[in-house]
Number of protein chains: 2
Amino acid sequence: MAAAEKRRELAMDALGNPMRRRIVKLLRAGPLPVGSIAAELPVSRPAVSKHLRLLERAELVTFDKHGNRNLFRLNPSGFDAARGWLEEFWDEALARFARAVEDELEGKR
Amino acid sequence: MAAAEKRRELAMDALGNPMRRRIVKLLRAGPLPVGSIAAELPVSRPAVSKHLRLLERAELVTFDKHGNRNLFRLNPSGFDAARGWLEEFWDEALARFARAVEDELEGKR
DNA sequence: CATCTAGGTAACCTCTGGGTTACGTACTCT
DNA sequence: AGAGTACGTAACCCAGAGGTTACCTAGATG
């Protein structure tokens, strides 16, 4: 199904940005409110906010309102998607390579 | 060592672009000259050429001159790097999560 | 209630990444 | 040798990504 493919592309796109990678790295330690994330980074809070929305769409993070704050945490779903892209990609590459080798032998037989 | 980290960042950056992902997907089928790649894509040959240079720096592809043509093929090194990023990332996240759970139990004991 | 804190969003700016065309060069082929 | 092919690179263009400041609302707090 194409939906899975879409999610993988989204995840890869989202992770293809250094600042967003820094954000998710920060979140490894546990859930964080937006402000704390921004405090660790050389960009303003609104910038972080934007990145977080994007990461959310890519299902790489989730958040829940905790009183005043929005607590963001990692969402395994998106990382599975990213890993899925790489693995499917590589499996396919190896399969075709194997087939090529076989065709090669076939030709020489 | 920081060099490995650098390579991973490079690979993730390079794969964070739809057109470059399409290029490497094409290369799964086997080595291809620049022109053939461009023929499959909705962009000009010079554009593809640029992407290929970037992919090469990220060690995602290699090429060798074959007479007139430049034959590009996938380079496992870069893909290992990308996978490395994801895996290290996730392992670390899980480890910290486990530790957090333990601390939690510790506190309740 | 008044104030302070946390954070989303809009409006805006800047710059660079991804694209193009034009051109030069090296190799191939007849 | 001369025409044709494959490619890299330079010069240029421009939309959009990533950043900022300003403002508003919703909870917390005294």
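Below, read A as the first sequence line, B as the second, and so on, with proteins coming before strands; counting in each chain starts at 1. Both backbone and side-chain heavy atoms feed into the values below; hydrogens, waters and symmetry mates do not.
The hydrophobic clustering, which links ILVMFWY residues whose side-chain heavy atoms are closer than 4.5 Å, places B:F63 and B:L54 apart.
B:N70 CG to B:L32 CG: the interatomic distance, rounded to the nearest 0.5 Å, is 12.5 Å.
Interface limits on DNA chain C: the 5'-most and 3'-most nucleotides within less than 4.0 Å of chain A heavy atoms are C:dT5 to C:dA11.
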Under 3.5 Å donor-acceptor pairs involving side-chain atoms of residues 1-15 of chain B, not counting sequence neighbours:
{"unit_1": "B:E5", "atom_1": "OE2", "unit_2": "A:K25", "atom_2": "NZ", "d": "3.0"}
{"unit_1": "B:R7", "atom_1": "NE", "unit_2": "B:E59", "atom_2": "OE2", "d": "3.0"}
{"unit_1": "B:R7", "atom_1": "NH2", "unit_2": "B:S77", "atom_2": "OG", "d": "2.7"}
{"unit_1": "B:R8", "atom_1": "NH1", "unit_2": "B:E88", "atom_2": "OE1", "d": "2.7"}
{"unit_1": "B:E9", "atom_1": "OE1", "unit_2": "A:R21", "atom_2": "NE", "d": "3.0"}
{"unit_1": "B:E9", "atom_1": "OE1", "unit_2": "A:R21", "atom_2": "NH2", "d": "2.7"}
{"unit_1": "B:E9", "atom_1": "OE2", "unit_2": "B:W85", "atom_2": "NE1", "d": "3.4"}
{"unit_1": "B:D13", "atom_1": "OD1", "unit_2": "A:R21", "atom_2": "NH1", "d": "3.1"}
{"unit_1": "B:D13", "atom_1": "OD1", "unit_2": "A:R21", "atom_2": "NH2", "d": "2.9"}

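Here salt bridge (Lys or Arg N to Asp or Glu O under 4.0 Å) pairs that include residues 66-80 of chain B, with residues two or more places apart or in two chains, are B:D64-B:R73. For the ring pair (Phe, Tyr, Trp, His ring centres under 6.0 Å) condition, no pair includes a residue of residues 28-60 of chain B, sequence neighbours left out. The side chain to side chain donor-acceptor pair (under 3.5 Å) analysis of residues 28-49 of chain A, with sequence neighbours excluded, yields no pairs.
Listed by chain and residue number, nothing satisfies the side chain to side chain contact (heavy atoms under 4.5 Å, CB included) test with A:A39 (two or more places apart in sequence, or in another chain). Under the ring-ring contact (aromatic ring centres under 6.0 Å, His included) criterion, B:F79 pairs with A:F89, A:W90, sequence neighbours left out. A search for side-chain hydrogen bond (donor to acceptor under 3.5 Å, both in side chains) contacts involving B:E92 returns B:R96, not counting sequence neighbours. Under the side chain to side chain contact (heavy atoms under 4.5 Å, CB included) criterion, A:L41 pairs with A:M19, A:R22, A:I23, A:L26, A:I37, A:V43, A:V48, sequence neighbours left out.
Residues B:A93 and A:L74 come closest through the heavy atom pair CB-CD1, 4.2 Å. Shown here for B:V61 and B:L52, the closest heavy-atom pair between the two residues is CG2-O, 3.9 Å.
Taken residue by residue, residues 7-43 of chain B places heavy atoms nearer than 4.0 Å to DNA chain D at B:P33, B:V34, B:G35. In the region residues 46-73 of chain A, proximity to DNA chain C at under 4.0 angstrom, judged on heavy atoms, holds for A:P46, A:S49, A:K50, A:R53, A:N68, A:R69, A:N70, A:F72.
Within the helix from C:dC1-D:dG30 to C:dT30-D:dA1, the inter-axis angle between the opening and closing five-pair segments is 30°, rounded to 10°.
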